[in-house]
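Encoded as structure tokens, the structure appears first; notes follow it.
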Amino acid sequence: MSFKPRRRSLASRLLVFQQSETKFFYILAALFLLIIGNPILPNQGLGAYTFKLFLTFVILSGIVAASNERQIIRQIMALGLLTLLLDWLSLLGPQWPQLALIAFALYCLFVALVTVSIIIQIAQSDRVTGNVLCGAISGYLLIGLTGTFLAILLELAHPGAFVAGGEVIARADLFNALMYYSLVTLSTIGYGDITPAVPTARSLSLLLGLSGQIYLAVLIAMLVGKYLSDTRPK
């Protein structure tokens with residue numbers, strides 16, 4: 001058997017899986033593992049490898065959830081696998097700060113594309129199912145994760161863009177601290193223990209807070225409209 005038919009068979013199987021009624025459940029589970037599990041792990045040793053595994057699950061489940069179209073699947077898959085390759089190289093290979101920076105930038109791009117793709121699929125869905133609800137929640141959390149990577153890139157470019165108790169956030173604590181900050185800002189809780197210290201960081205904070213409110217308002221209206229349309233007597 002040639003390589004080409006095998007590749008087509010794999011793509012066909014992936015496409016079938018992406019058209020299933022449970023595909024958004026996997027990315028929701030991966031996001032909860034990352035958001036809830038990672039902050040309680042140590043930053044070094046086994047904790048660092050587990051963190052990379054959590055991100056790997058997010059990437060792989062994001063590939064599955066991204067789209068039902070072959071061309072988009074190929075593009076998302078190529079970007080996701082490249083991101084994973086660079087990220088694991090930054091952990092296992094030589095310590096090149098530039099490599100980690102590129103990996104974070106690719107994570108940001110990948111998560112943003114998957115977020116947009118999932119939101120489009122939710123908007124185009126005909127009915128409100130369990131899978132659609134998982135996708136809707138995943139979209140919200142993915143906005144927060146996109147904000148996390150944007151905040152990390154901003155902090156790496158301008159150290160001290162975000163401060164915790166007036167102190168610069170340690171590099172080892174950067175992801176967990178800014179993921180917490182991004183989700184707290186997205187949900188407009190705003191504890192104030194981590195604050196933006198430069199104008200670009202404040203702009204990002206405003207964008208996150210507005211995005212969370214707009215998303216919830218539009219999403220609830222959309223889902224209620226779909227549910228009423230589906231339950232209305234024909």
Side-chain angles (χ1 to χ4, degrees), residues 7-36 54-81 83-84 106-150 179 182-183 185-188 207-234:
R7 186 177 65 180
R8 286 180 177 176
S9 176
L10 179 61
S12 299
R13 292 177 183 177
L14 182 58
L15 185 61
V16 170
F17 192 64
Q18 288 171 317
Q19 293 172 340
S20 71
E21 281 298 313
T22 57
K23 69 175 187 176
F24 292 140
F25 169 79
Y26 300 107
I27 190 167
L28 181 60
L31 288 168
F32 269 113
L33 273 177
L34 178 65
I35 293 169
I36 305 300
F54 286 162
L55 286 176
T56 299
F57 294 154
V58 171
I59 290 287
L60 295 179
S61 58
I63 292 172
V64 171
S67 178
N68 296 329
E69 300 181 16
R70 289 181 183 273
Q71 188 62 31
I72 297 178
I73 291 171
R74 292 192 185 99
Q75 294 170 355
I76 292 290
M77 184 183 298
L79 178 60
L81 294 180
T83 303
L84 287 178
L106 290 178
Y107 268 119
C108 185
L109 178 60
F110 177 87
V111 172
L113 290 175
V114 172
T115 304
V116 172
S117 178
I118 288 178
I119 292 173
I120 290 174
Q121 291 179 75
I122 297 301
Q124 293 176 343
S125 63
D126 297 325
R127 301 173 56 241
V128 180
T129 64
N131 186 53
V132 168
L133 291 176
C134 286
I137 299 170
S138 298
Y140 185 75
L141 297 178
L142 284 167
I143 294 174
L145 190 56
T146 303
T148 300
F149 287 116
L150 285 173
M179 180 174 66
S182 178
L183 291 171
T185 303
L186 183 72
S187 57
T188 66
L207 179 62
L208 278 171
L210 290 172
S211 297
Q213 296 307 299
I214 292 171
Y215 180 86
L216 290 176
V218 173
L219 178 75
I220 291 173
M222 185 188 304
L223 293 180
V224 169
K226 290 179 183 297
Y227 178 78
L228 293 177
S229 177
D230 187 51
T231 56
R232 187 178 297 120
K234 305 298 181 181

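Note that this is a predicted model, so its numbers are computed, not measured.
In terms of the side-chain hydrogen bond (donor to acceptor under 3.5 Å, both in side chains) criterion, Ser125 has no residue partners (sequence neighbours excluded). Residues passing the side-chain contact (heavy atoms from CB on, under 4.5 Å) test with Cys134 are Phe24, Phe25, Leu28, sequence neighbours excluded. Among residues two or more places apart in sequence or in another chain, the side-chain contact (heavy atoms from CB on, under 4.5 Å) test is passed with Leu33 by Phe54, Phe57.
The one candidate from Leu84, Leu79, Leu145, Val58 that meets the side-chain contact (heavy atoms from CB on, under 4.5 Å) condition with Tyr107 is Leu84. Checked options Thr185, Thr146, Ile143, Leu216; the residue passing with Ser211 is Ile143 (criterion: side-chain contact (heavy atoms from CB on, under 4.5 Å)).
Heavy atoms only, all atoms of each residue included: Leu208 and Gly147 are closest at CD2-CA, 3.8 Å. Heavy-atom minimum distance, Ala65 versus Ile27: CB-CG2, 4.2 Å. Contact record, Leu34 with Met179: O-CE, 3.7 Å, taken as the closest heavy-atom pair. Considering all non-hydrogen atoms of both residues, Leu150 and Cys108 come closest at CD2-SG, 3.5 Å. Leu186 and Gln213 get closest at one heavy-atom pair: O-NE2, 4.2 Å.
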| message | Would Leu142 and Ile119 count as a side-chain contact (heavy atoms from CB on, under 4.5 Å) here? Give the steps. | response | CA-CA 10 Å; Leu142 284 167; Ile119 292 173; over 6 Å; no
| message | Under the criterion side-chain contact (heavy atoms from CB on, under 4.5 Å), I'd like the reasoning laid out for Leu55 against Ile59: C-alpha separation, chi angles, the key distance, then a yes or no. | response | CA-CA 6 Å; Leu55 286 176; Ile59 290 287; 5.6 Å; no
| task | Quick one: do Val132 and Arg127 satisfy side-chain contact (heavy atoms from CB on, under 4.5 Å)? Show the steps, please. | result | CA-CA 8 Å; Val132 168; Arg127 301 173 56 241; over 6 Å; no
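Within the 4.5 Å cutoff, the side chain of Thr148 has no heavy atoms near those of the Val111 side chain. At a threshold of 4.5 Å between non-hydrogen side-chain atoms, the residues Leu133 and Leu223 count as touching.
In terms of modelled atom types and a separation under 3.5 Å, the side chain of Ser182 and the main chain of Gly144 share a donor-acceptor contact.
Using a 30° and 60° split on the angle between ring planes, Tyr215 and Tyr140 fall in the tilted class, from 30° to 60°.
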